[in-house]
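Worksheet for the structure shown next.
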Amino acid sequence: MKALVLSGGAGTRLRPFSYSMPKQLIPIANKPVLEHVLENVRAVGVTEVGVIVGDWADEISAVIGDGSRLGLRITLIPQEKPLGLAHCVALARPFLGDDDFVMYLGDNMLPGGIADIAADFTAHRPDAQVVVHKVRDPRAFGVAELAPDGSVLRLVEKPEQPRSDLALIGVYFFTAAIHRAVAAIEPGARGELEITDAVQWLVTHGARVTASEYDGYWKDTGRAEEVLACNRALLGEQTARVDGEIDAESEVTGRVVIEPGARLIRSTVTGPAVIGAGTVIENSTVGPHTSIGRDCLLRDTTLTDSIVMDGASISGVTGLRGSLIGRNAVVGGAEGDGHRLVIGDHTHIEVAA
């Protein structure tokens with residue numbers, strides 16, 4: 001089996017970050033979303049991975065390289081315009097050949113992994129197998145209607161009156177049958193080749209299409225609040241580890257990871273939290289559910305439930321919470337209560353009290 005990981009798209013819901021970095025490289029627990037995805041792919045025994053890339057190809061390549069660091073062999077597949085998920089399958093046909101493959105959206109987080117679902121596909125080998133997850137309001141998703149035996153009867157995109165609460169999430173398993181379906185469909189209302197239409201084509205033409213339910217934690221990290229929620233979930237599962245320096249006047253409690261070269265000076269960190277390599281925290285308080293990237297500086301600052309990306313500097317800001325601070329951003333300010341910031345890379349701002 002091969003893998004096709006989708007890392008194109010504009011990421012408009014994650015602006016201002018997506019102006020200066022691809023959404024798939026947003027860090028969750030100090031690791032890019034795309035890297036979490038690739039680790040899940042590797043965990044099911046797949047080593048040949050095609051990654052669809054758009055305008056951010058160079059940035060993505062700089063992070064994942066040829067895949068050897070992750071135990072993978074990665075082929076980058078350019079897509080000039082985001083013309084749909086099924087268009088990605090068509091572009092990847094030379095890479096995929098007639099092999100079975102898993103298609104995985106590069107901004108979807110499934111911390112529980114997909115090993116059981118992959119094993120089910122391998123054992124039964126339907127023409128296509130979609131992965132579904134129960135949601136409260138299916139109207140915002142593609143929805144699968146299933147027969148009692150788990151086979152797919154119908155797929156409906158964003159139905160006004162859903163007949164099912166099973167939403168399609170960003171993982172699909174395919175045999176080579178999907179290529180015939182992709183070649184047969186026409187662009188939808190958005191002008192894109194929809195993978196939902198291709199799978200429905202298989203259903204309509206008598207192919208065997210099944211669904212597997214993923215009942216673990218799942219997030220589409222397309223919005224800032226979803227990124228923060230996912231960060232909270234992953235930090236809560238980590239194992240405490242201290243490889244940096246903590247002075248005698250500092251205190252660390254709970255599930256906290258302090259990476260090599262990080263230093264705590266007269267500061268308090270309450271987990272779950274992660275402090276990146278080379279970061280200095282001085283006269284500051286870091287509350288739960290916070291990820292601080294590499295080579296950051298926090299001085300005279302209080303923050304919680306936030307993500308601070310590599311190289312950022314925050315001084316004299318208290319009450320900072322629920323925030324996303326971009327790479328190499330500089331934030332200064334005064335005492336306050338309940339500041340919430342979402343600022344992109346290389347931004348310099350002063351926070352008013």
Side-chain angles (χ1 to χ4, degrees), residues 1-9 11 17-18 20-79 88 91-92 94-96 99 101-115 118 170-171 219 221 227 230-231 233-235 237-239 241-244 257-262 274-279 291-296 307-312 326-328 345:
M1 188 188 299
K2 291 178 179 176
L4 182 63
V5 175
L6 278 49
S7 294
F17 296 102
S18 54
S20 55
M21 68 187 300
K23 60 182 178 177
Q24 295 84 7
L25 297 187
I26 294 286
I28 306 288
N30 274 13
K31 185 185 297 182
V33 172
L34 180 57
E35 195 167 323
H36 289 285
V37 167
L38 292 172
E39 288 179 351
N40 275 1
V41 167
R42 185 190 61 207
V44 301
V46 173
T47 57
E48 294 281 350
V49 183
V51 179
I52 298 288
V53 291
D55 294 340
W56 296 104
D58 290 345
E59 287 79 1
I60 288 173
S61 178
V63 172
I64 63 175
D66 63 359
S68 56
R69 177 176 63 86
L70 300 169
L72 302 169
R73 292 187 294 275
I74 289 177
T75 300
L76 298 184
I77 303 171
Q79 184 186 37
C88 294
L91 283 177
F95 165 78
L96 295 168
D99 291 326
F101 67 99
V102 54
M103 185 171 80
Y104 201 134
L105 273 62
D107 57 358
N108 273 233
M109 289 291 295
L110 291 81
I114 57 172
V171 180
K219 278 290 181 187
T221 56
V227 170
C230 197
N231 192 60
L234 266 66
L235 288 178
E237 298 297 322
Q238 71 180 3
T239 301
R241 172 171 50 87
V242 176
D243 294 325
V257 171
I258 301 179
E259 296 179 349
V274 57
I275 312 300
T279 285
S291 296
I292 301 175
R294 297 185 300 271
D295 301 318
C296 296
I307 295 175
V308 180
M309 300 186 196
D310 294 351
R327 297 173 298 183
N328 300 306
D345 293 354

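Because only heavy atoms are used, hydrogens play no part in the values below, and waters and symmetry mates are left out as well, while side chains stay in. Residue indices begin at 1 and follow the sequence shown.
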**Asked** How far apart are the C-alpha atoms of E259 and V257, what are their side-chain angles, what is the distance that settles it, and do they pass the side-chain contact (heavy atoms from CB on, under 4.5 Å) test?
**Response** CA-CA 6 Å; E259 296 179 349; V257 171; 4.1 Å; yes
**Message:** Around atom CG of D295, are there more than 12 heavy atoms from other residues, nucleotides or ligands closer than 6.0 Å?
**Reply:** yes
**Prompt:** Closest approach of L234 and P111, non-hydrogen atoms and distance?
**Reply:** CD1-CG, 3.4 Å
**Item:** Separation between CG of D99 and CG of L4, rounded to the nearest 0.5 Å
**Value:** 12.5 Å
**Asked** Roughly how far apart are L96 CG and E48 CD, rounded to 0.5 Å?
**Response** 11.0 Å
**Request:** Check whether any side-chain N or O of D310 sits under 3.5 Å from a backbone N or O of R294 as a donor-acceptor pair, and report yes or no.
**Result:** yes
**Message:** Rounded at 0.5 Å granularity, tell me how far CG in N30 sits from CG in N231.
**Reply:** 8.0 Å
**Prompt:** Does T279 use its side chain to pair, donor to acceptor, with the backbone of G293 at less than 3.5 Å?
**Reply:** yes
**Complete:** Tightest non-hydrogen contact, residues I77 and G50, listed as CD1-CA, 4.1 Å
**Pairwise distance CD1(I275) to SG(C296) - rounded to 0.5 angstrom** = 9.0 Å
**Prompt:** What is the minimum heavy-atom distance between T47 and G71, and which atoms define it?
**Reply:** CG2-O, 4.1 Å
**Request:** Verify, without hydrogens or angle tests, whether K219 (side chain) and A233 (backbone) share a donor-acceptor contact under 3.5 angstrom.
**Result:** no
**Qualifying residue for side-chain contact (heavy atoms from CB on, under 4.5 Å) with M309, from I26, N328, L25** = I26
**Asked** What's the shortest heavy-atom distance between I74 and G67, and which atoms?
**Response** CD1-CA, 3.6 Å
**Message:** Quick one: does any side-chain atom of N108 pair with a main-chain N or O of G170 as donor and acceptor, under 3.5 Å?
**Reply:** yes
**Closest non-hydrogen atom pair between A29 and S291, with its separation** = CA-OG, 3.5 Å
**Asked** Do I64 and L76 touch side chain to side chain, with heavy atoms closer than 4.5 Å?
**Response** yes
**Prompt:** Do V5 and L38 pass the side-chain contact (heavy atoms from CB on, under 4.5 Å) test, and can you show the C-alpha distance, the side-chain angles, and the key distance before you say yes or no?
**Reply:** CA-CA 8 Å; V5 175; L38 292 172; 4.1 Å; yes
**Asked** Can you list the steps and then say if Y104 with L110 is a side-chain contact (heavy atoms from CB on, under 4.5 Å)?
**Response** CA-CA 10 Å; Y104 201 134; L110 291 81; 3.6 Å; yes
**Prompt:** Rounded to the nearest 0.5 Å, how far apart are CG of N40 and CE of M109?
**Reply:** 8.0 Å
**Complete:** In terms of heavy-atom contacts, A312 and G326 come closest through CB-O, 3.7 Å
**Item:** Under the side-chain contact (heavy atoms from CB on, under 4.5 Å) test, residues paired with D243 that sit two or more places apart
**Value:** R241, P260
**Distance in Å, L6 CG paired with L34 CG, rounded so as to fall on 0.5 Å steps** = 11.0 Å
**Request:** Could you walk me through whether K23 and V33 pass side-chain contact (heavy atoms from CB on, under 4.5 Å), step by step?
**Result:** CA-CA 8 Å; K23 60 182 178 177; V33 172; over 6 Å; no
